[in-house]
**Student:** 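Have a look at this one.
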Amino acid sequence: MHEFPSRSQMLLAAFTAAALAALIEWAWTSADAANPLPRILATSALVLTCAGVPALLLAHARERTRRERDAALRSAGDSSALRDALMDVTPVGFAFFDRNLRYIHVNTALAAMNGLPAGGHLGRHVTEVMPELGRLLAPRLERALGTDAPVQDTCLEVETPAAPGEPRFWFGSYSRVRGAGGEVLGVIASLSELTERMRAEQSLQEHEGRLDVLTRSLPDYLWGGKLRDGRLRDFYCTPVIERTTGYPASAFVEPSPGGGPPRLWAEMIHPEDRARYRSRIESLAPGSEVELEHRLICADGRVRWVRSRAAASARDTQGELHVGCVVTDITDRYLADELRQRLHDSFRRSAQEWTRTFDAVAAPLLVLGADGVIHRLNAPACALFGGLDPSGQPLSTAASMPPWSSTPPLIDELRRTHGTITREVTDPRSRRTWELSAAWVDEAGGDDSRIILVATEVTRLLELQASLRRSETMAVMGAIVAGVAHEVRNPLFSISAVVDAVEATVGQRADLAPYMDVLRGEVRRLNHLTQELFEYGRPTRGEWVEGPVRPVVEEALAACALTGEQARVAVAPLLTESLPPVRMDSRRLFHVFRNVLENAVQHSPAGATVRVSTAVLEEEGRAWVRCTVRDGGPGFREEDLPHVFEPFFSKRRGGTGLGLSIVQRILEEHQGAIRLGNHPEGGAEVTLLLPAVSSPPATVPLDSLAS
């Protein structure tokens, strides 16, 4: 390399040449022949100058060249250090091979990848360092030396000392290197380790395979996409949809013209569910979930019920929601639910019909277990328990009132006989009579036996039977009595006339007066008996009117006033001002009140008080007018009560025994009733009941009858 003088060196040379030229000119002009010394000196200086100036210039040039070489070497060293530093810090492995495929340079990354120090590579053939890797790299390096195009190796699998026994994966790129003159210096190789990426890809493939197996094995299909501005985009669906809908999975791959789901995806939703389905899906908020049941129309036209569970992610960087949905076929469950609901409704209707039928039975009915525990009872039976439901309780502890209080002996007998028993029981307090029928029932093929207990109230039936018997008796006796009374009446008239004639003929003789009084008294008694016999046997004439009963009671009170005064018995009326009207035969009803009042006065001792009161009460769902007559006597004897209405039964001296029979008959004609009893404070109490025509303004409970 030739060095040329610099500009400063050329200026110095020019200045020196000018000085030399001036010296020579002075020497030659001032010298003479006698003194040649100036010329000699000038010539010597010229010679020296001609020899020294180039030497000086050359020395300066060499010094500059040395300095520049040193600077270039330092720059090259710095560049090499920088290159080495860059190659050492990069994660890509670099190696430079000469044309004989010997390592010239290896960076730190490649040395670490190979598991060998960098010095263990240099100067050695590629197959000597790592034989297995060398056998793979040598053909590639040879191929790279023969072409200017880079040679790439996408996947190189090999074991290294850094991880013995573990296959590792590399990406290699090989390029040959030329010198300044174009000669081939060697080949450079760059190796990037792909082991973790390959493992991740393999793991991802395995997971994708597992996920594919799972999605194909599940009966549910999945779909997903991105929800953008309320519209679904980038739709995808698992192939299992073909199993549920019958449509091929390929029909759900191509998006609609707008980029949304395929049209079939929306069209297979039942028309009645589309609007609800779309609104629920498109209204998903970030992080929210929604679940709904709807119908799908399958490829064969069948309708299937499915349950869709959709969930939305948080918004991504583009403001989109990722939506995923699992669709489960619930047709079988839905049909089972429908069948179960129909069965439930059928059972409920059957139970209601059975309950209505059970409650519609007019007679109280109980279903007991073999142990006497109440399992079921109908509404009439519940009413006999005071409106309470004793189900689950033993009848022996729940039954405290008739007719159930009479059932324990029947149940004990049924347990022994396993047959059927019928008993008739009467409640003395309410005078109600029931016919109890109990039957033992064994279930076919089972050990769960039942006792059916039916209580039929026969009070009214017995009353009708008694009334019929009385009517028949009275009809027969009425005919007989009427005939006897008719036959007796004429002789009585004759006897009365003879007594009057004798008294008129003989006058008022003292010796005959007692006999005449006896005759007249007996005639009056026989006339009274005849009148009652006529009244007892007289048929109803039906002179019925609707009106208040108070005037009739007041008329009877006035008629009995003289009888009370004579017996020195006070009569204390307590009559209600406003009473509802009753349908009555006022003449015969007057006979009822008068008869009862006279009996009360006759059975009361002197100084006693007969109390008469009227009121309105409610019984058996209808209004009644009540008239109560209470005397001051000893009251009824318990053994006489069953016979007091029998004709000619009387405990009073001189009584005919027809009074209460006539009263009972007349009240029955008025659809009323008569009740006899003893008051707690003493004395007999007779209650007369007449049905009211209209609703009363105020009512008194039936329990007040005992007060």
**Student:** Could you check if a side-chain atom of C382 sits within less than 4.5 angstrom of a side-chain atom of L388, using non-hydrogen atoms only?
**Tutor:**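 C382 vs L388: side chains apart.
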**Student:** Apply the test side-chain contact (heavy atoms from CB on, under 4.5 Å) to residues T459 and L461: give CA-CA distance (whole Å), side-chain angles for both, the deciding distance (0.1 Å), then the verdict.
**Tutor:** CA-CA 5 Å; T459 306; L461 177 62; over 6 Å; no
**Student:** Is any side-chain heavy atom of R304 closer than 4.5 Å to one of R295?
**Tutor:**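 R295 vs R304: side chains apart.
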**Student:** Quick one: pull up CZ in R342 and CZ in R348 and give me the separation to the nearest 0.5 Å.
**Tutor:**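 The CZ atom of R342 sits 14.5 Å away from the CZ atom of R348.
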**Student:** Would you find a donor on one side and an acceptor on the other, under 3.5 Å apart, between the side chain of R630 and the backbone of E685?
**Tutor:**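 No, R630 side chain to E685 backbone: no donor-acceptor pair under 3.5 Å.
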**Student:** List the atom of V601, the atom of A567, and the distance in Å for their closest heavy-atom pair.
**Tutor:**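 Scanning both residues completely, I find the closest heavy atoms to be CG1-CB, 3.9 Å.
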**Student:** Test S308 against every option in V290, T328, V327 by the side chain to side chain contact (heavy atoms under 4.5 Å, CB included) rule and name the one that passes.
**Tutor:**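 Exactly one candidate clears the test, V327.
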**Student:** In plain terms, say whether R349 and E353 are close enough for a salt bridge, that is, a side-chain N and a carboxylate O under 4.0 Å apart.
**Tutor:**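 Salt bridge flag = no for E353 with R349.
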**Student:** Any Lys/Arg nitrogen of R675 or E619 sitting under 4.0 Å from an Asp/Glu carboxylate oxygen of the other?
**Tutor:**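 Looking at R675 and E619, the cut-off is met.
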**Student:** Taking all heavy atoms of V612 and all of L557, pick out the closest pair and write down the distance.
**Tutor:**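 So the minimum-distance heavy-atom pair works out to CG2-CD2, 4.0 Å.
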**Student:** The test is side-chain contact (heavy atoms from CB on, under 4.5 Å); show your working for T687 and R626 and say whether it passes.
**Tutor:** CA-CA 7 Å; T687 301; R626 181 186 69 180; 3.6 Å; yes
**Student:** Using 4.0 Å as the upper bound for N to carboxylate O, is an ion pair formed by R416 and D412?
**Tutor:**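 Here D412 does not pair with R416 in a salt bridge, since their nearest N and O are not under 4.0 Å apart.
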**Student:** Side chain to side chain contact (heavy atoms under 4.5 Å, CB included) with L368: which of L395, T407, L377?
**Tutor:**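 Looking at L395, T407, L377, the match for L368 under the side chain to side chain contact (heavy atoms under 4.5 Å, CB included) is L395.
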**Student:** In terms of side-chain heavy atoms, does Q341 have a donor or acceptor partner in D345 at a distance below 3.5 Å?
**Tutor:**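 Their side chains do contain a donor-acceptor pair, which is all the 3.5 Å distance test asks for.
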**Student:** Taking C-beta and beyond as the side chain, do V458 and W434 meet within less than 4.5 Å on heavy atoms?
**Tutor:**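 When only atoms from C-beta onward are counted, W434 and V458 do not touch, as no gap falls below 4.5 Å.
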**Student:** So is R622 actually on top of W624's ring, under 6.0 Å and inside 45° of the axis?
**Tutor:**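 Cation-pi check for R622 and W624: passes.
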**Student:** So, for W305 and H294, is the gap between ring centers shorter than 6.0 Å?
**Tutor:**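 No.
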**Student:** For V425 and T433, run side-chain contact (heavy atoms from CB on, under 4.5 Å): C-alpha distance rounded to whole Å, both residues' side-chain angles, the deciding distance at 0.1 Å, then the answer.
**Tutor:** CA-CA 6 Å; V425 297; T433 303; over 6 Å; no
**Student:** Measure across C298 and T244 and return the closest heavy-atom pair with its distance rounded to 0.1 Å.
**Tutor:**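 Nearest heavy atoms, C298 then T244: SG-O, 3.7 Å.
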**Student:** Under 3.5 Å, is there a donor on one side chain and an acceptor on the other for S604 and D631?
**Tutor:**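 Result is no, nothing qualifies.
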**Student:** Roughly how far, to the nearest 0.5 Å, is CZ of R376 from CG of L365?
**Tutor:**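 So the CG of L365 and the CZ of R376 are separated by 10.0 Å.
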**Student:** Check whether any side-chain N or O of T614 sits under 3.5 Å from a backbone N or O of T576 as a donor-acceptor pair, and report yes or no.
**Tutor:**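 A pair under 3.5 Å: yes.
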**Student:** Taking C-beta and beyond as the side chain, do I297 and P271 meet within less than 4.5 Å on heavy atoms?
**Tutor:**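 They are in contact (side-chain heavy atoms under 4.5 Å apart), so the answer is yes.
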**Student:** Just how far is it from atom OG1 of T422 to atom CG of L410, taken to the nearest 0.5 Å?
**Tutor:**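 With rounding to 0.5 Å, OG1 (T422) is 8.5 Å from CG (L410).
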**Student:** Taking the side chain as every heavy atom from C-beta outward, state whether L579 and P548 have any pair of such atoms under 4.5 Å apart.
**Tutor:**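 No - every pair of side-chain heavy atoms lies 4.5 Å or more apart.
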**Student:** Indicate yes or no for a side-chain donor-acceptor contact from H603 to the backbone of N599 under 3.5 Å, with no hydrogens or angles considered.
**Tutor:**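 Checked: pair present.
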**Student:** Between N678 and F636 (side chain of the first, backbone of the second, donor and acceptor by atom type, cut-off under 3.5 Å), is there such a pair?
**Tutor:**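 The answer is yes, because a donor-acceptor pair under 3.5 Å joins these two groups.
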**Student:** Look only at the side chain of H670 and the backbone of R583, and say whether a donor-acceptor pair between them is shorter than 3.5 Å.
**Tutor:**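 Checking the backbone N and O of R583 against the side chain of H670, no donor-acceptor pair under 3.5 Å is found.
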**Student:** For the side chain of T417 and the backbone of E413, is there at least one donor-acceptor N/O pair under 3.5 Å apart?
**Tutor:**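 A pair under 3.5 Å: yes.
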**Student:** With salt bridge (charged side-chain N to carboxylate O under 4.0 Å, His left out) as the test, would you mind laying out the steps for R588 and E669 before giving the verdict?
**Tutor:** CA-CA 10 Å; R588 291 176 68 79; E669 294 172 356; 3.1 Å; yes
**Student:** Should Y277 and L292 count as side-chain neighbours, where that means a heavy-atom distance under 4.5 Å?
**Tutor:**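 With C-beta onward as the side chain, the pair touches.
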**Student:** Where is the tightest heavy-atom contact between L689 and L667, given as atom of each residue plus distance?
**Tutor:**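 Minimum heavy-atom separation between L689 and L667: O-CD2, 4.5 Å.
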**Student:** Run the numbers on E293 and V306 for side-chain contact (heavy atoms from CB on, under 4.5 Å), then give the verdict.
**Tutor:** CA-CA 6 Å; E293 296 181 357; V306 297; over 6 Å; no
**Student:** Judged by atom type as modelled, is there a donor-acceptor pair below 3.5 Å linking the side chain of N378 to the main-chain atoms of P364?
**Tutor:**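 It does not hold such a pair.
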**Student:** Please round to the nearest 0.5 Å and tell me the distance separating atom CD1 of I666 and atom CZ of F590.
**Tutor:**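 The CD1 atom of I666 sits 11.0 Å away from the CZ atom of F590.
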**Student:** To the nearest 0.5 Å, what is the distance between OG (S437) and CD1 (I452)?
**Tutor:**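 With rounding to 0.5 Å, OG (S437) is 12.0 Å from CD1 (I452).
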**Student:** Identify the two heavy atoms, one from V454 and one from A363, that lie closest to each other, and give their separation to 0.1 Å.
**Tutor:**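 The pair with the smallest heavy-atom distance is CG1-CB, 3.9 Å.
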**Student:** Quick one: does any side-chain atom of R415 pair with a main-chain N or O of D371 as donor and acceptor, under 3.5 Å?
**Tutor:**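 Checking the backbone N and O of D371 against the side chain of R415, a donor-acceptor pair under 3.5 Å is found.
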**Student:** Please find the pair of heavy atoms, one from C560 and one from L597, that lie closest to each other, and give the distance.
**Tutor:**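 Heavy atoms only, the tightest pair is SG-CB, 3.7 Å.
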**Student:** For residues L339 and D337, determine if any side-chain heavy atom of one lies less than 4.5 Å from a side-chain heavy atom of the other.
**Tutor:**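 With C-beta onward as the side chain, the pair stays apart.
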**Student:** Would you indicate whether R356, at its atom CZ, is surrounded by more than 12 heavy atoms from other residues, nucleotides or ligands within a distance under 6.0 Å?
**Tutor:**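 It does: R356 CZ has more than 12 such atoms within range.
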**Student:** Less than 4.5 Å apart, any side-chain heavy atom of L296 and any of D329?
**Tutor:**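 Of all side-chain heavy-atom pairs linking D329 with L296, none is under 4.5 Å.
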**Student:** Using a strict threshold of under 4.0 Å (side-chain N to carboxylate O), is an ion pair present between R594 and E555?
**Tutor:**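 Salt bridge flag = no for R594 with E555.
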**Student:** State plainly whether the residues R302 and D300 are in salt-bridge range, i.e. N to O under 4.0 Å.
**Tutor:**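 A salt bridge is present here (some side-chain N lies under 4.0 Å from a carboxylate O).
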